[in-house]
Amino acid sequence: WATPPPPSVVSISRNTTTPTTISGRIISAAPSTGSGRVLVLRTGGGPPRTVVARAGPWTTIRHARKLLCPGVSVRATLLKEEDGTAGEEEPEVEDVRIVSVLPAAPYLARLLSFSADELGVLFPGDDLACALRPCGISELNSLLVTCRSEIELGRQGTLFKHPRLLNLCGEISAYQGWKRGPQKTPSASVDMWEPLLKLERRWLSDDNKVDGTLDEEEMMMDGKKRKAAPDKDSEGTGGHRQLEFGGINVDPSLNLPDPTDARRTSYIDERKRPQVLWMVDLICRLLRVHDADDTRPLHLLDVGGGRGDLALAVAACLAARHRTAHVTVLDVSASSLAAGRDRAAAAGLHGAMSFELLDVTERERVRDLCAGRRCALVFGLHCCGGLAEAAVETALALGCGFAVSTCCFRSNGGMAVLSDLADASEPPGHVRDRDMAASLAVRVGAPGQHRGIRVLNAMRLAAAQNKWLAYGHTGVLRTWQESFPVKFSVQNRVMVGAVENG
């Protein structure tokens, strides 16, 4: 989507009793040093403005902060005005209100999944109807009833496909000035490039076996938009190769809520199945399953595994190789876990798998889950933002290896324990440099995107090494990065850790 012109700043004299407000479209959002949020706003023709939103409903109501995402327009009350003094802290704001939403069905599905009481706090008065304009009050109430009914019927996972939401997306985009059209490849400004170079000097190893090189395909992708790259090996019934191990069919297409969805089926063929196969091969190498003399029972954790696309494939592969293993999927979505549990039963893997409704940051519960059986590996495919760091931290706490695919470097900031650890040992400007590199890492097609991904993961792995030493485990933790072909996903890097001599 090409965004409409952002609203301009509304400044009111200090001599009046009317509060000073600021309005703008969010460019990025991240946790502040306290419990609030740091928002970078596009406020008009001038440079972006950075403000710190005080803790409030957007941080205390579960998942509400995810609504404050890039593209959303907000209005807030300034508590402190800048006076142009160099080095002054960003101004604080309160009473943050969303005035224009993102016209995307997944965003609207998340928004309308909140309870009526929560929405009343987040959007007082008619704020919600205004943000969803041209949606009227009666239409909004009817839509909320529809969404609540879908959720109660267990269809929250497919709510974003509901015709009413799709229709509302079109109305919002037309009424609020959004335009669909070709997007220019984003450029990398000096403000982004200088922090990237500083981080590379600080965190990249001289050994390419540790941080990996940028292969020719990745360098070609930097500065270009990704084009479809179909899996040339796909074959079988209906043109789709089924993923099987020892006769156990665990193809990701069987986990689709709607098997007739051509777009999702194409994604499985071109992206998801190749990624799963690549990750299964890496996990088998780390577990040394080809070693006939190693018959130890294995326990593995899949963090943020949802419906279990990767976990099912790992469990089936280990079963086909006659390895005694149990794979536990951790996720916070009950509906996704239920779907994965049904698939495991259908594949005859219910005894080799379990699906747990659990936040991975709940350390004691994770430790209790692993009591009596040593965890051999923690893995995850496309763990968003801080979730990747929480997955690695879980492995460090349990004293085992990990293989975690990373993406979405600006999300789940509250889980970014490794980034926080790195920040604590660096000068104050490191936080800003890391934030700029994260912005670059999520800009698809931007020059330097893969360099941003690589250096952020290198920083995370350096922090993981320090964390390992702090835990006092026996054995040596060896860490490095691997990457699968970029045609399967632009976010293609994997943080890997293996325990040796332990």
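What you see is a predicted model, and the numbers here were worked out from it, not measured in a lab. Just so it is clear, the values below take in all heavy atoms, side chains as well, and ignore hydrogens, waters and symmetry mates.
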For this session: Dump the intermediate steps for ring-ring contact (aromatic ring centres under 6.0 Å, His included) on Trp58 and Phe114, then the final yes or no.
Result: CA-CA 12 Å; Trp58 298 105; Phe114 285 89; 8.4 Å; no
Problem set entry | Pair Thr50-Leu39, side chain to side chain contact (heavy atoms under 4.5 Å, CB included): steps then yes or no | CA-CA 6 Å; Thr50 301; Leu39 304 178; over 6 Å; no
Problem set entry | Residue pair Arg460, Val392: steps toward the side chain to side chain contact (heavy atoms under 4.5 Å, CB included) verdict | CA-CA 9 Å; Arg460 290 164 157 179; Val392 172; over 6 Å; no
Exercise. What's the verdict on side chain to side chain contact (heavy atoms under 4.5 Å, CB included) for Ser100 and Arg133, showing C-alpha distance, side-chain angles and the deciding distance?
Worked result: CA-CA 8 Å; Ser100 181; Arg133 58 193 183 281; 3.9 Å; yes
Problem set entry | Audit row: Asp261, Lys161, salt bridge (charged side-chain N to carboxylate O under 4.0 Å, His left out) steps and yes/no | CA-CA 10 Å; Asp261 187 332; Lys161 298 181 181 180; 2.9 Å; yes
For this session: Could you check Asp309 against Arg307 for salt bridge (charged side-chain N to carboxylate O under 4.0 Å, His left out), going step by step and ending with a plain yes or no?
Result: CA-CA 6 Å; Asp309 287 334; Arg307 296 172 178 269; over 6 Å; no
Exercise. Side chain to side chain contact (heavy atoms under 4.5 Å, CB included) between Leu111 and Leu132: does it pass, once the steps are laid out?
Worked result: CA-CA 11 Å; Leu111 167 61; Leu132 294 173; 4.0 Å; yes
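Put simply, the side chain of Arg432 never gets that close to the backbone of Pro195: no donor and acceptor are under 3.5 Å apart. Although no hydrogens or angles enter the test, the distance criterion places a donor-acceptor pair under 3.5 Å between the side chain of Tyr107 and the main chain of Leu67. Looking at Ser142, its side chain never comes within 3.5 Å of a backbone N or O of Glu139 through a donor-acceptor pair. Between the Trp203 side chain and the Ala462 main chain, no donor and acceptor come within less than 3.5 Å of each other. Judged purely by atom type and a 3.5 angstrom limit, Thr394 uses its side chain to pair as donor or acceptor with the backbone of Ala390. In this structure, Glu393 contributes its side chain and Glu389 its backbone to no donor-acceptor pair below 3.5 Å. Panel note: side chain Asn412, backbone Cys384; a donor-acceptor pair is recorded below 3.5 Å. Side chain of Ser336 to backbone of Ser333: no donor-acceptor contact under 3.5 angstrom is found. Distance alone, capped at 3.5 Å, places no donor-acceptor pair between the His350 side chain and the Arg343 backbone. With hydrogens and angles ignored, the 3.5 Å screen pairs no side-chain donor or acceptor of Glu152 with any backbone N or O of Ser149.
Counting heavy atoms from C-beta on, the side chains of Arg454 and Arg493 come closer than 4.5 Å. Between Met459 and Ser419, the closest side-chain pair of non-hydrogen atoms falls below 4.5 Å. Side chains of Leu357 and Asp331 form no contact here, defined as non-hydrogen atoms less than 4.5 Å apart. Two residues are said to be in side-chain contact when any heavy atoms from C-beta on lie closer than 4.5 Å; Ile98 and Ser73 fail this criterion. Within the 4.5 Å cutoff, the side chain of Leu196 has no heavy atoms near those of the Met436 side chain. You'll find the side chain of Arg443 stays beyond 4.5 Å of the side chain of Gln449, heavy atoms only. Taking the side chain as every heavy atom from C-beta outward, Lys467 and Leu421 approach each other to under 4.5 Å. Proximity of Val93 to Leu79: side-chain heavy atoms (C-beta onward) are nowhere separated by under 4.5 Å.
Here Leu310 contributes atom CG and Leu300 contributes atom CG; the two are 10.0 Å apart, rounded to the nearest 0.5 Å. Within the model, atoms CD1 of Ile27 and SG of Cys69 stand 13.0 Å from one another, a figure rounded to the nearest 0.5 Å. Separating the CE atom in Met415 from the SG atom in Cys383 is a distance of 10.0 Å, to the nearest 0.5 Å. Rounding to the nearest 0.5 Å gives a distance of 8.5 Å between CG of Asp302 and CE of Met279. Atom CG of Leu301 sits about 10.0 Å away from atom CD of Glu356, to the nearest 0.5 Å. Between atom CZ of residue Phe488 and atom NZ of residue Lys272 there is a gap of 14.0 Å, rounded to the nearest 0.5 Å.
Other residues, nucleotides and ligands contribute at most 12 non-hydrogen atoms within 6.0 Å of the CG atom of Asp126.
Closest approach of Gly304 to Leu387, counting heavy atoms only: CA-CD2, 4.3 Å. Contact detail for Ser28 and Pro70: the closest heavy-atom pair is CA-CG, 4.3 Å. Of all heavy-atom pairs between Phe484 and Ser489, the closest is CE1-CB, 3.7 Å. Here the shortest heavy-atom pairing between Phe160 and Leu165 reads CA-CD1, 4.2 Å. Between Leu159 and Ala109, the shortest heavy-atom distance links the atoms CD2-O, 3.9 Å. Scanning both residues, Val121 and Pro124, for their nearest heavy atoms gives O-CD, 3.8 Å.
With sequence neighbours excluded, the residues forming a salt bridge (Lys or Arg N to Asp or Glu O under 4.0 Å) with Lys198 are Asp433, listed by chain and number.
Annotation: Trp468 is not in aromatic contact with Phe402 [ring centroid separation under 6.0 Å not met].
For the residue pair Thr43 and Arg25, no side-chain donor N or O sits within less than 3.5 Å of a side-chain acceptor on the partner. Side-chain contact check for Arg410 and Ser439: at least one donor-acceptor pair (N or O, by modelled atom type) lies under 3.5 Å.
The pair Glu426-Arg202 meets the salt-bridge criterion, with a side-chain N (NZ, NE, NH1 or NH2) lying under 4.0 Å from an Asp/Glu carboxylate O. A salt bridge does not link Arg365 to Asp359: none of the charged nitrogens lies less than 4.0 Å from a carboxylate oxygen.
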